[in-house]
Amino acid sequence: MGGFSMSNRRIFLKQSLLSGSALSLGIFPNELFASGELVKLTVMHTNDMHYHIDPFDDSHAEYGGRGGMVRLASLVSKCRAENPNLLLLDAGDMFQGTPYFNYFKGDLILKLMSQIGYDAGTIGNHEFDNGLPDILSALRFAKFPMVSSNYDFSDTILADSVKPWHILEKGGIKIGIYGLGIELDGLVGKLNYGNTQYLAPLATALKMERLLKKDHKCDLVICLSHLGYSYANRKISDVSLAPQTKYTDLIIGGHSHTFLDKPTVLENAKGNQILVNQAGWAALAAGKIEFVFDRARRRKSFAATVNNL
Amino acid sequence: MRRLFLTFSVILILFSCNKHLVVHEVNTKNISIDSNVGPPDSLVESMVRPYRDSIEHDMSTMVTVSSATLVKGKPESKLTNLVSDILLNSAASYCLKQNLRVQPDAAYVNYGGLRASLPQGEITVERIFELMPFENEIVLVKISGASFILMAEKIAGRGGEGVAGMKLGIRNGKVSSLIVADKTIDPKAFYWLVTNDYIANGGDQMSMFDNPEERINTGLKIRDVLIQVLSDDYKKNGIIEVKEDGRIFNEQ
């Protein structure tokens, strides 16, 4: 492993200072990973893929030749080869955006996401575009759970198909996932969401993170959010939610199609750091965050992150 | 040359760190998606291929030819005018065919519902899909003039959207004049408005349509209508030339 370049060093130092820690630089000894004292979890994520299976047409003014799930699949394979402890998540709005959706409804994208190896996803507003029956029918092809904590589907046909939270384990790390969707009223036609009850995102988040962290003792708590990155008004967003949480480590966002160079680091209600990330849309980007856990001391040491465009 | 994009890497210390050092190597390099990501995943690609092939033929079918690029804009634009006019005319012919004795007065197309521009020259089915990816259908609602004015205020507040069959003046984000069916709007009269089911169901904060006097769900998908009307028109009249006509205007 090489050292840092100067520019990296500066970024690193800045972040270290923000974290309030006095640090000098060093390198993870490989033997710590080998001996299993350190374990690395790679979290990769997408949002608002909007059925962009293929790269944008070369003639596209802004994104010609870029993006697309067929290439995302290659990227994920590569990263998974580097670290099998890889968690792949999506923050909603898989549906709507290319003719594939019009022809094949939600079926094809969920087949592909299952093939690429997604571990969990959440429900965005566009998932409702053809109503609840089409969500249900597409979910037959998902080999991973859909997690939504603040859309209460209990009085709908999706009651048994969407989970309020989900726990999984990678490399001995216990990860708890909950999902937050945007307010449907005014955004999605009432007929399309039927008896789905919309629960307040903040109260839901506080309940879920406590459940996952305290009751289920998860090492890492991740929120899949389709609330949007931030708003000029008081509408709840990832950035306004994060400081009010206590146990969430990472908010993976969507809806606002926000491209971030790196995750936004915020302080939660307990003064700990929480990451907020988002990866644009149309599989033009994937977020990649690496958490290293120190088994001996049972805590997270750091996160390294890359957003590939 | 294709644009290059930066890979940013940052190390963040989560939770307070003690003197113990835990640091990771960080990469920062310029990458392009080709060299970085490589070719499409072959397994996923082979899964997609039959689906792609089955729609490619349909997508490349030519619908019409436009004399100019059609871009949406405010207060009015060629694109919003074209789609709104097609909605109004199609709803009128639907009512005729169905013997409904309904004469639609005006049409409203939400600005956000038009998802792409149409190019100058050949317009294929694929372009229409990009413009109108949603499965929305044409809906008629009979609403009071008062509700109509509420809708016009929303349109004015947003600086203009897609309309047909009306002339709307905007001053400081408010309605300054509104003519429907060649007369100044009458709050007490009733009007037939053509829109899509998303709006008629209260989408885009259009709550004034919540309890219309009457409602007709045509079942006509807007995208299908656009493809049909534009290709029929091309066969009959050739290249389309869309105009702005001052249907929405800013008053000083």
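Quantities reported herein were computed from a predicted structural model and do not represent experimental measurements. Heavy atoms only: backbone and side chains are in, while hydrogens, waters and symmetry mates are out. In what follows, every chain begins at residue 1, and chains take the letters A, B, ... in the order their sequences are listed.
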Of the non-hydrogen atoms in [X] and [Y], which two are nearest, and what is the gap between them?
{"X": "A/L110", "Y": "A/A138", "answer": "CD1-O, 3.3 Å"}
{"X": "B/S60", "Y": "B/T124", "answer": "O-CG2, 3.8 Å"}
{"X": "A/Q278", "Y": "A/S256", "answer": "NE2-OG, 3.2 Å"}
{"X": "B/R115", "Y": "B/P133", "answer": "CG-CD, 3.4 Å"}
{"X": "B/A107", "Y": "B/L88", "answer": "CB-CB, 3.9 Å"}
{"X": "A/S74", "Y": "B/P39", "answer": "OG-O, 2.6 Å"}

Given heavy-atom pairs under 4.5 angstrom as the criterion, report whether the side chain, backbone, both or neither of [X] touches chain B.
{"X": "A/D129", "value": "side chain"}
{"X": "A/D185", "value": "neither"}
{"X": "A/F104", "value": "side chain"}

Next on the checklist: Closer than 4.0 angstrom, basic N to acidic O: yes or no for B/E214 and B/K142?
Outcome noted: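 Counted as a salt bridge, because a side-chain N and a carboxylate O are separated by less than 4.0 Å.
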Item to check | Basic-acidic side-chain contact under 4.0 Å: B/R52, B/E45 | outcome: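 Yes, B/R52 and B/E45 are salt-bridged.
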I need the contact set between [range] and chain A: heavy-atom distance under 4.5 Å, sorted by residue number.
{"range": "residues 203-210 of chain B", "answer": "B/G203, B/D204, B/Q205, B/D210"}
{"range": "residues 149-164 of chain B", "answer": "none"}
{"range": "residues 222-232 of chain B", "answer": "B/R223"}

With distance as the sole test, does [X] use its side chain to make a donor-acceptor pair with the main-chain N or O of [Y] at under 3.5 Å?
{"X": "B/D197", "Y": "B/N136", "result": "no"}
{"X": "B/T195", "Y": "B/Y108", "result": "yes"}
{"X": "B/E126", "Y": "B/M59", "result": "no"}

Item to check | Pairwise distance CG(A/D249) to CD1(A/I274) - rounded to 0.5 angstrom | outcome: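 With rounding to 0.5 Å, CG (A/D249) is 7.5 Å from CD1 (A/I274).
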Checklist entry - Are the side chains of A/I135 and A/F128 in touch, meaning some heavy atoms are under 4.5 Å apart? => result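 In contact.
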Next on the checklist: Quiz question: by atom type and distance under 3.5 Å, do the side chains of B/N196 and B/N110 form a donor-acceptor pair?
Outcome noted: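 Distance-only check passes for B/N196 and B/N110.
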Item to check | Whether over 12 other heavy atoms sit under 6.0 Å from B/D53 CG | outcome: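 More than 12 within 6.0 Å, yes.
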What option among [options] has the most heavy-atom pairs under 4.5 Å with chain B?
{"options": "A/L72, A/L191, A/N192", "value": "A/L191"}
{"options": "A/I116, A/L187, A/V188, A/T98", "value": "A/L187"}
{"options": "A/K270, A/Q96, A/M69", "value": "A/Q96"}

Checklist entry - Listed by chain and number, what are the salt bridge (Lys or Arg N to Asp or Glu O under 4.0 Å) partners of A/K111, not counting sequence neighbours? => result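 If we apply the salt bridge (Lys or Arg N to Asp or Glu O under 4.0 Å) test to A/K111, skipping adjacent residues, there are no hits.
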Item to check | Leading residue by heavy atom contact count with chain A [cutoff under 4.5 Å; candidates B/V44, B/I55, B/V48] | outcome: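 Among B/V44, B/I55, B/V48, the one with the most close pairs to chain A is B/I55.
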Item to check | Among the listed options B/D58, B/N201, B/D41, the residue most often paired with chain A at heavy-atom distances under 4.5 Å | outcome: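 Max contact count across the listed options: B/D41.
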Next on the checklist: Report which part of B/Y51 has an atom under 4.5 Å of a heavy atom belonging to chain A: side chain, backbone, both, or neither.
Outcome noted: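 For B/Y51, heavy atoms of backbone and side chain both lie under 4.5 Å from chain A.
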Next on the checklist: Is B/L43 close to chain A through its backbone or its side chain, or both, or neither, when contacts mean heavy atoms under 4.5 Å?
Outcome noted: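 Side chain of B/L43 only, per the 4.5 Å heavy-atom cut-off to chain A.
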Item to check | Reference residue B/T64; test side-chain contact (heavy atoms from CB on, under 4.5 Å); the match among B/I123, B/I239, B/I128, B/L118 | outcome: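 Output: one option passes, namely B/I123.
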Checklist entry - Out of B/L82, B/L114, B/I86, which residue meets the side-chain contact (heavy atoms from CB on, under 4.5 Å) rule with B/V109? => result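 With B/V109 as partner, B/L82, B/L114, B/I86 yield a single side-chain contact (heavy atoms from CB on, under 4.5 Å), made by B/L114.
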